[in-house]
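Chain A is the first sequence line, chain B the second, and so forth, proteins listed ahead of strands; every chain is numbered from 1.
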There are 2 protein chains.
Amino acid sequence: MRPKNLEMENAIRTVALQIIAEEGLENLSMQKLAKAVNISPRTIYIKYENKEDLLIKLFIDEVLGAYEKATLEDFDPNAEFAEGVEKLWSNVFNYLKNNKHAFALIQYGKSSPLLNKAYKDQGIRQGDHFKPVHQFLKRHVQKGTINDFPIDVYRALLFSPLLDLVTEYFDHQERSKQIITKAVLAACCQAVIKGMLK
Amino acid sequence: MRPKNLEMENAIRTVALQIIAEEGLENLSMQKLAKAVNISPRTIYIKYENKEDLLIKLFIDEVLGAYEKATLEDFDPNAEFAEGVEKLWSNVFNYLKNNKHAFALIQYGKSSPLLNKAYKDQGIRQGDHFKPVHQFLKRHVQKGTINDFPIDVYRALLFSPLLDLVTEYFDHQERSKQIITKAVLAACCQAVIKGMLK
DNA sequence: AATTAGTAAGTAAACGTTTATATACTTAAA
DNA sequence: TTTAAGTATATAAACGTTTACTTACTAATT
């Protein structure tokens with residue numbers, strides 16, 4: 001039996017992300033993708049059932065999986081509140097800064113009904129991945145450090161400003177001057193922490 | 001001369017927003033839109049140059065324009081900091097709550113390169129619309145109430161958690177229990193305010 | 001060791017459908 | 001009667017996906 005060309009499988013994902021980031025999800029087609037990778041369209045269908053399958057696997061496995069993993073790297077659920085949040089912020093920012101294409105698809109996850117649905121299904125089935133963060137927050141609620149909120153509300157308060165700052169970071173990368181400096185990020189992180197402390 | 005059917009122009013925009021919200025931007029086509037409005041495809045081209053023109057006008061005029069207007073309703077740039085932010089939050093939340101389809105396109109504005117570009121071009125050309133908010137923030141920086149940040153950073157800190165909470169609100173609308181209650185919103189708003197105060 | 005049957009990976013080209021947009025015509029009001 | 005608003009229909013290109021075929025390798029048989 002002829003062996004799989006694993007490099008090619010990787011190329012499909014990389015180029016797909018690139019097209020989505022540069023031209024938008026609405027401009028990614030199977031034919032365009034095949035041409036860009038320099039393979040036959042049929043080859044994509046050996047690895048993925050259809051376009052929807054490709055997009056969802058790209059989103060869930062390639063993008064969200066790596067993102068969640070990077071977020072939790074060296075994160076200690078038993079850390080002090082400020083220390084823990086600072087670690088999460090630096091993990092997220094450093095990862096996204098170096099993975100612009102993945103970030104683009106993450107943003108689409110909030111708009112596109114297809115990806116959104118996949119995310120919710122995934123979020124409900126496998127919320128364990130963020131368990132250390134839940135644990136961390138729960139501990140601080142019990143300790144009385146922070147207010148008690150539903151977990152999704154914490155996500156909004158803790159991470160959404162950061163994701164917006166990443167957008168700004170990329171926007172200003174193309175311009176002359178970067179406004180999202182380390183100092184600004186640190187100050188924003190402190191603001192978020194301060195807001196959540198009781 | 002035969003007069004324009006203004007109702008139809010309105011129907012085009014409403015139905016376009018509906019399709020985008022329900023099926024995604026990538027599933028809006030001119031023919032599908034025409035069929036849904038029960039007109040000829042050509043009629044859309046009388047009112048819009050092409051698909052891109054339609055999308056951008058929908059995004060900028062219909063959605064962002066109305067959104068900014070609603071945000072600033074009865075907003076007083078001379079208000080106390082907490083009072084001002086609370087007003088902005090309640091304006092934004094109440095507007096978006098009742099304009100789910102518009103909200104969907106606003107979210108696409110952060111992902112789609114086409115809309116994103118339109119937004120940036122617009123943001124640079126006509127930043128005056130949010131002038132009262134800039135004025136408000138500037139005043140409080142000078143008064144020493146809050147830290148001095150670039151304006152885009154304030155947007156991230158002040159509004160992005162709220163937009164995430166609106167997403168959560170709609171997500172939970174379909175389920176049994178609403179977690180984004182008035183009390184939760186108010187508490188989040190207070191957290192944001194507290195974080196920004198010096 | 002040489003041959004060959006079997007099989008999954010891969011390709012080129014095409015399928016029928018849908019896309020954005022254009023042409024040619026009709027309608028309705030000034 | 002003129003004129004723009006509107007329709008029905010056509011078009012070429014692009015779409016997702018499939019068909020028919022080739023390639024590269026394994027493993028069993030000579």
Look at the side-chain N and O atoms of Lys47(A) and state whether any lies under 4.0 Å from the OP1 or OP2 oxygen of dG10(C).
-> yes
Between the side chains of Glu86(A) and Gln190(A), is a donor N or O closer than 3.5 angstrom to an acceptor N or O?
-> yes
Which part of the nucleic acid does Ile44(A) contact within heavy-atom distance under 4.0 Å: base, sugar-phosphate only, or nothing?
-> nothing
In terms of side-chain heavy atoms of Asn5(A), which of dT9(D), dG10(C), dA20(C) is nearest?
-> dG10(C)
Side-chain ion pair, Lys87(B) and Asp76(B), N-O less than 4.0 Å | no
Between dT9(D) atom P and Arg42(B) atom CZ, what is the distance in whole Å?
-> 16 Å
Counting side-chain heavy atoms from C-beta on, which of dT19(C), dT7(D), dA14(C) comes nearest to Gln31(A)?
-> dA14(C)
Counting only heavy atoms not in Glu52(B), do more than 12 fall under 6.0 Å of its CD?
-> no
Could you give the CD-to-P distance, from Glu26(B) to dC15(D), as a whole number of Å?
-> 14 Å
Among the nucleotides dT7(D), dA20(C), dT18(D), which one has an atom lying closest to any side-chain atom of Ile46(B)?
-> dT7(D)
Any donor and acceptor pair, going by atom type alone, linking the side chain of Tyr119(B) with main-chain N or O of Lys110(B) inside 3.5 Å?
-> no
Glu26(B) versus Tyr108(B), side-chain donor and acceptor atoms under 3.5 Å = yes
Report the distance from atom CD of Glu9(A) to atom C1' of dA8(C), rounded to the nearest whole Å.
-> 14 Å
Length of the line joining Lys32(A):NZ and dT19(C):C1', which is rounded to integer Å | 13 Å
Lys51(A) NZ to dT17(C) P, straight-line distance once rounded to whole Å = 19 Å
Report the end-to-end axis angle of the helix from dA1(C)-dT30(D) to dA30(C)-dT1(D); each axis comes from five terminal pairs, and the value is rounded to 10°.
-> 10°
Closest to the Met30(A) side chain, choosing from dA20(C), dA22(C), dG16(D) | dG16(D)
Taking the six-membered ring for Trp, is the centroid-to-centroid distance between His140(B) and Phe136(B) below 6.0 Å?
-> yes
Give a yes-or-no answer on whether the side chains of Tyr67(A) and Glu62(A) include a donor-acceptor pair shorter than 3.5 Å.
-> no
Write down the distance between CG (Asp53(A)) and C1' (dT17(D)), rounded to a whole number of angstrom.
-> 14 Å
Look at all strands and tell whether Leu28(A) reaches a base, only sugar-phosphate, or nothing, counting heavy atoms closer than 4.0 Å.
-> sugar-phosphate
How is Thr43(A) classified with respect to the nucleic acid when contacts are heavy atoms under 4.0 Å: base, sugar-phosphate, or nothing?
-> base
Starting from the 5' end of DNA chain C, give me the residue, Tyr45(B) or Asn38(A), whose nearest nucleotide shows up first.
-> Asn38(A)
Residue-phosphate contact under 4.0 Å: Ser29(B) side-chain N/O, dA20(C) OP1/OP2 | yes
Across the strands shown, which category fits Lys35(A) at heavy-atom distances under 4.0 angstrom: base, sugar-phosphate, nothing?
-> nothing
